[in-house]
Amino acid sequence: MDLTNRDVAKLLRNVAAALTLKKASIFQIRAYETAADAIEHLTSEVKDLWEEGKLAEVPGVGKNLSEHLNELFSTGKVAHFESLTKDLPPVFFEALDIPGVGPKTAQRILSLKVQNLEELKQRLEDGSLIKEGFSEKLAENILLGLKDTNSEKDRMLLPFAEELAAKILDYLRKSPDVKQADCLGSLRRKVATIGDLDFAVASDNPEKAIKYFVKMPGISRIVDQGENKAMVMLTSHLQIDLLVGKPKNYGNLLQHFTGSKHHNISLRKLAEDKGYSISEYGVKKLKTAVIECKTEEEVYSLLDMQTPPSEIREDAGEIEAALKHQLPQLIPYGSLKGDLHLHSSYPIEPSHDLGRDSMEDMVKRALALGYKYLGFSDHSPATSNHSKPKIIDILKKRSAFIDKLKLKYAGKIEILAGLEADIQPDGSISVPDEGLKLLDYCIVGVHSAHRMEQSKMTARILKALSNPYVQILAHPTGRLLNQRPSFEADWAKVFEFCAKKGKILEINSFPDRLDLRDDLVRQAISKGVKLVIDSDAHGLEQMDQLDYGVAVARRGWATSADIINTYGFKDLLDVLK
DNA sequence: GCCGTTTTCGGCCCGACTGTTTTCAGTCG
């Protein structure tokens, strides 16, 4: 069984709830809750981090929780957690999933001898619980919350969330009472998956702005509505939060709701040391007036630090670096000069994973996107379908075809003939060297036998990368968001090898992949590994998704120098040589 | 339970909104 971040977070929240009933220290309870929060919002799977020995890098996970999680991943359970929760029936923990129900309310539900959520619903509807002391308002809220409860619901992929967010921002900006509107939270940090959508609005009339917001089409109910904020549920059971501030302190609002929980906690501790107190309304010099900030930059400069880009506000060293004025110059969006991982409709058997569009149409799209170069990396012909000479023949014909395109577009855009070959279970490449010789470059990737012992997978990848005709490792960890975890490999060893031999790792911008993961990007570039950001497009419209890969690179602290497709064509060829 | 340019002990971010307990607890972000 693979334990997801959601599973682990839920387990830790259950323990926190059990500790609440046992009247444990509020700080111990909070420690479990903040660790759960950090884990739920990780871009990588916590189980992957455990396998890679990197649990301690998760903010809020210390010695004890590391040991508990080690036991969890090794044996499937934690004796200490079970002893804490063994007296509590399942309905207690199920009730905690209802929005608005915390440990105390769940305990009340328990005390009324409710066996399960279905019974809870029935007894709230027929009024029998109201007779036993539930207020009507509470009953109504729990019933509404039950409708929104779906603990199995996956977090949204980033592009889906951004598309929805763009529509909501569009709606908000149409109001005369909205001076400015922005995304907040994980959406603004460009985390690979998103839970709720949060928005900020600057307005001179917050009340009117909120009234306008809660009238947005698609809202099924208003959960909260106050003077400065509102929380609504969409008919799709998605939660949207709106925070409204005045233009004069909009920077405080943006700053407050963008960083991860741990970024904010660390920043406020730092502020306290400097005699300041930070909130969404302003920065207060102790016992004096509040300093309101129009921009976030003013907030951070009050603390004598640089403003960390939103993508790295995770309390992973950015505060320290900003204090020393040593933040890296992150690779800008829109700065890529080409795409090297493109699948065209050029017919290669087997045809199950061909692209939908012709090479020439993709060249035209690349020109429209302003690229200086592009490379085709169709899947290699399968050895099971073709003899070796036949494969060579197919690749020769394809190269000749691409050569004609190169001629036709000479002076306008550079075109490269690449290939995406398979790394077979024994580490050999699906195309013989005589075939690879015909190419301008070769991308390799693991497309089968994903479950393999760590040492074997590491050896498999290193063997493939040892081939002198191979330059790039595609989607290195093989993860599929919400579907499949990263496979096990000794990444430190892979990075060391790549740095030494000049092999390139890909950041695959495909929304389901976003692989190499941001935490591994950071580790790789610290070792001197160069990366390439590719779209892996199988159709024209997917060619536009490269900025999701740029977001991953930024979250991994990458600069333009780390990413080879920010280079001009000649420098790119030097790296690929 | 976490965490550390004065600390391995002794602190621990800041605030909104709801309901109803007229001064606060519970929940949430």
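Per chain, numbering begins at 1; letters A, B, ... match sequence-line order.
Within the 4.0 angstrom heavy-atom criterion, only backbone atoms of the sugar-phosphate kind lie near A:Tyr281; the bases stay farther away. As judged by a 4.0 angstrom heavy-atom cut-off over every strand, A:Lys63 is placed among residues touching the sugar-phosphate backbone only. Looking at heavy-atom distances under 4.0 Å, A:Leu138 makes no contact with the nucleic acid at all.
Comparing B:dG15 with B:dG10, their C1' atoms sit 25 Å apart, to the nearest whole Å. When the C1' atom is used for both B:dC17 and B:dT23, the distance is 16 Å, rounded to whole Å. Nucleotides B:dC9 and B:dC14 have their C1' atoms positioned 25 Å apart, rounded to a whole Å. One P atom belongs to B:dT5, the other to B:dG1, and the distance between them is 23 Å to the nearest Å. Using atom P as the reference point in both B:dC2 and B:dT6, the two lie 23 Å apart (nearest Å). On the C1' atoms, B:dG11 is 26 Å away from B:dA16, given to the nearest whole Å. Rounded to a whole angstrom, the distance from the P atom of B:dT27 to that of B:dT20 is 14 Å.
Distance from the side chain of A:Arg30 is smallest for B:dC12 among the nucleotides B:dC12, B:dC2, B:dC28. Checking B:dT20, B:dT18, B:dC28 against the side-chain heavy atoms of A:Ser135 singles out B:dT20 as nearest. Checking B:dC2, B:dG26, B:dC17 against the side-chain heavy atoms of A:Lys104 singles out B:dG26 as nearest. Candidate nucleotides B:dT27, B:dT18, B:dG15 were compared by shortest atom distance to the side chain of A:Asp224, and B:dT18 ranks first. In the set B:dG29, B:dG1, B:dG15, B:dG15 carries the atom at the smallest distance from any side-chain atom of A:Glu280. Comparing B:dC17, B:dC2, B:dG29 against the side chain of A:Leu65 picks out B:dC2 as the nearest. The side chain of A:Thr105 lies closest to B:dT27 when the candidates are B:dG15, B:dT27, B:dC2. When distances are taken from the side chain of A:Asp198 to each of B:dT18, B:dG29, B:dG1, the shortest belongs to B:dG29. Comparing atom distances between the A:Asn141 side chain and each of B:dG1, B:dG15, B:dT18 picks out B:dT18 as nearest. Considering only the side chain of A:His256, B:dG29 comes nearest among B:dG29, B:dA16, B:dC2.
For A:Gln306 (side chain) and A:Leu327 (main-chain N/O), a donor-acceptor pair under 3.5 Å exists by modelled atom type.
Nucleotides of DNA chain B nearest to A:Ala106 and A:Lys229 differ in position, and the one nearer the 5' end is that of A:Lys229. Heavy-atom distances to DNA chain B give each of A:Phe27 and A:Lys137 a nearest nucleotide, and the one nearer the 5′ end belongs to A:Phe27.
Distance NZ (A:Lys269) to P (B:dG10): 17 Å, rounded to an integer number of Å. Remark: C1' of B:dG29 and CD of A:Gln239 are 9 Å apart, rounded to the nearest angstrom. Note: CG (A:Leu243) to C1' (B:dC14) measures 13 Å, nearest angstrom. The interatomic distance linking A:Gln225 (CD) with B:dA16 (C1') rounds to 14 Å, in whole Å. Per the geometry, CD1 belonging to A:Ile265 stands 13 Å off C1' belonging to B:dG15, to the nearest Å. Whole-Å rounding puts the A:Ile142 CD1 to B:dT27 C1' distance at 12 Å. The nearest whole Å value for the distance from the CG atom in A:Asn264 to the P atom in B:dC12 is 17 Å. B:dC12 atom P lies 20 Å from atom CG of A:Asp37, rounded to whole Å.
The pair A:Lys63-A:Glu67 meets the salt-bridge criterion, with a side-chain N (NZ, NE, NH1 or NH2) lying under 4.0 Å from an Asp/Glu carboxylate O. A salt bridge does not link A:Arg522 with A:Glu57: none of the charged nitrogens is closer than 4.0 Å to a carboxylate oxygen. With respect to the salt-bridge test (charged N to carboxylate O, under 4.0 angstrom), the residues A:Asp48 and A:Arg517 qualify.
Between A:Thr34 and B:dG1, a side-chain N or O to OP1/OP2 separation shorter than 4.0 Å is absent. Contact between the side-chain N/O atoms of A:Tyr32 and the OP1/OP2 oxygens of B:dC2 is not found at any separation under 4.0 Å. For the OP1/OP2 pair of B:dC2 and a distance below 4.0 Å, the side-chain nitrogens and oxygens of A:His68 include no atom meeting the criterion.
Partner assigned to B:dC24 is B:dG19, using Watson-Crick or G-U wobble distances below 3.5 angstrom.
For the pair A:Lys190 and A:Tyr333, the cation sits on the ring face: its NZ or CZ lies under 6.0 Å from the ring centre, inside 45° of the axis.
Within the model, atoms CG of A:Leu11 and CG of A:Leu69 stand 8.5 Å from one another, a figure rounded to the nearest 0.5 Å.
Side chains of A:Thr477 and A:Asp515: a donor on one and an acceptor on the other come within 3.5 Å.
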Residues A:Lys137, A:Asn141; criterion side-chain hydrogen bond (donor to acceptor under 3.5 Å, both in side chains); working and verdict: CA-CA 6 Å; A:Lys137 201 73 192 167; A:Asn141 276 339; 5.8 Å; no
